[in-house]
2 protein chains.
Amino acid sequence: MNKAVPKRARAKQKRLSPDDRRREFVAKATEFFSEEGFDGGTRDLARRLGVTQPLLYRYFPSKDDLIKEVYRTVYLEPFDAGWEKLLTDRTRPLRERLQEFYQAYTDVIFTRRWLRIYFYAGLKGLDINRWYIGVVEDKILSRIVSECRHEVGLPQQGKPTAPELEMAWVLQSGIFYYGVRKYIFDSPVLEDKRQMIGNALNVFLTGFAQVFSAAGGPARATVKATGRVALA
Amino acid sequence: MNKAVPKRARAKQKRLSPDDRRREFVAKATEFFSEEGFDGGTRDLARRLGVTQPLLYRYFPSKDDLIKEVYRTVYLEPFDAGWEKLLTDRTRPLRERLQEFYQAYTDVIFTRRWLRIYFYAGLKGLDINRWYIGVVEDKILSRIVSECRHEVGLPQQGKPTAPELEMAWVLQSGIFYYGVRKYIFDSPVLEDKRQMIGNALNVFLTGFAQVFSAAGGPARATVKATGRVALA
DNA sequence: ATAGTTGGTGATCAGGCGATAAACAATCAT
DNA sequence: ATGATTGTTTATCGCCTGATCACCAACTAT
């Protein structure tokens, strides 16, 4: 049993402040759990941290508490207050605002770390996930719908309708799933993310204008005034 | 310890053929794993089946083998050969074919069972998931692109381009994620699935026509002939 | 130098896991 | 009815898990 020489081994890493060390643990735990899932063992995690397993329990009362901190950092980290202003800044063309927003947004969430934690949490049925979806709807999608309505000359009658919001979800999801395919399924995707976003926006904006504006040009598909689809 | 009366208790359920019983096990295991994840215990599973845990090992050599059978049934079950024909049947309007296809397709995969297994498998990094994505691309998306090209009068020059295929993914994902929100995240969605699909298709088809057809009408957004987006 | 506080480890516990073996119960062929 | 065969359970094994406790090492203040 080679238990000796603990001095030298640890002498290299300088002593961090307790808070910093804690944060370091959370950061590495995030990486670990995003790979192994939340059923990953505390011993494996500790090994990855270069410490022994009981030490975790000095910093966190239980594994669940550690996991909760992981959630918090992952979910709260990305949201940039500037995005709301960007989306509603009518001094710039809508197309340009959306392109810039989706590039910035996907720069943040299109990581293996973020996406995997997101789905692990979702499959667990945690509230935090529904909360996040609500935030996306409030801060992003309903703004986008409002701006689209303005763009095509529709009245700004308060909240977006449910079909409009759902259509914004279709756009959002179409872009979002590019990241899922790439980072969760390791599936090949169009290399140029910018181009994917650009095309998605072009199709969405032209389509939205013709489908949702009552006074739109001769729509290619038959749509009643209510937005309900006339099937064949 | 009440160990007696095993006769009566089991007398009710008639004896099934071995194969049927096996299938019943797989079916209920699918349900179980879709809820608990594949880390769910074999004892819990057995309790759900109304039998004891060791019995599972008479029907399946190991837990992993059982899981593989679960995958097989879930992934192979849905694919309907008729869908390819439906998508390419040019005697009917494209809009109508797509609406019918996506309604049928989502009728099959929009279940808590299917979607959750799909993501559990995906997070594990299993090949079967990449395989499925490839199938979707070959059997569904490239057909859709071909049909769209035909619809807008573009030449049928073999395979779809990468940007076109990616655009089809945006449509597919936009629709697919409706099910994810509803059945995985238990999040409220537009009640009328048919309407969601209809609107998504309307926007996509009108948008696609104007964005991807070189000779399209006056597109609202600036797009070079290559499909690459001109930013601002 | 010494006492006190904090950072970290080794040993260990109770419980749950997947899996196995031996015994019992029920059915079937004759 | 009897023996063979299949279906099912009880008991158990070795391993791994999250968590705890007593102890050791290191830095800080005096």
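What you see is a predicted model; the values in this text were computed from it and never measured. Protein chains get the first letters and strands the later ones, always in sequence-line order, with residue 1 at the start of each. No hydrogens, no waters, no symmetry mates; every other heavy atom, side chains included, goes into these values.
Shown for residues 30-46 of chain B: no residue has heavy atoms falling under 4.0 angstrom of DNA chain D. Interface residues of residues 54-64 of chain A facing DNA chain C, ordered by number: A:P54, A:L55, A:R58, A:Y59; criterion, heavy-atom separation under 4.0 Å.
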List the atom pairs, with distances to 0.1 Å, where a side-chain N or O of residues 40-47 of chain B and a protein N or O form a donor-acceptor pair under 3.5 Å, not counting sequence neighbours.
{"from": "B:T42", "atom 1": "OG1", "to": "B:Q53", "atom 2": "NE2", "distance (Å)": "3.2"}
{"from": "B:D44", "atom 1": "OD1", "to": "B:R47", "atom 2": "NH1", "distance (Å)": "3.0"}

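With hydrogens and angles ignored, the 3.5 Å screen pairs no side-chain donor or acceptor of B:R113 with any backbone N or O of B:T30. Side chain of A:R181 to main chain of A:S187: no donor-acceptor pair is present (N/O by atom type, distance under 3.5 Å, no hydrogens or angles). In this structure, B:R143 contributes its side chain and B:T88 its backbone to no donor-acceptor pair below 3.5 Å. In this structure a side-chain-to-backbone donor-acceptor pair under 3.5 Å is present from A:R112 to A:Y183.
Taking the six-membered ring for Trp and the full ring otherwise, A:F176 and A:Y102 have centroids separated by 6.0 Å or more.
Proximity of A:E164 to B:N199: side-chain heavy atoms (C-beta onward) are nowhere separated by under 4.5 Å.
The interatomic distance linking B:R21 (CZ) with C:dT27 (C1') rounds to 14 Å, in whole Å. Whole-Å rounding puts the A:D65 CG to D:dG18 P distance at 14 Å. Atom pair A:D19:CG and C:dG7:C1' shows a separation of 15 Å (rounding to whole Å applied). In this structure, B:Q53 atom CD and C:dG16 atom C1' are separated by 11 Å, rounded to whole Å.
Among A:Y120, A:F119, A:Y132, the one residue that satisfies the ring pair (Phe, Tyr, Trp, His ring centres under 6.0 Å) test with A:W114 is A:Y132.
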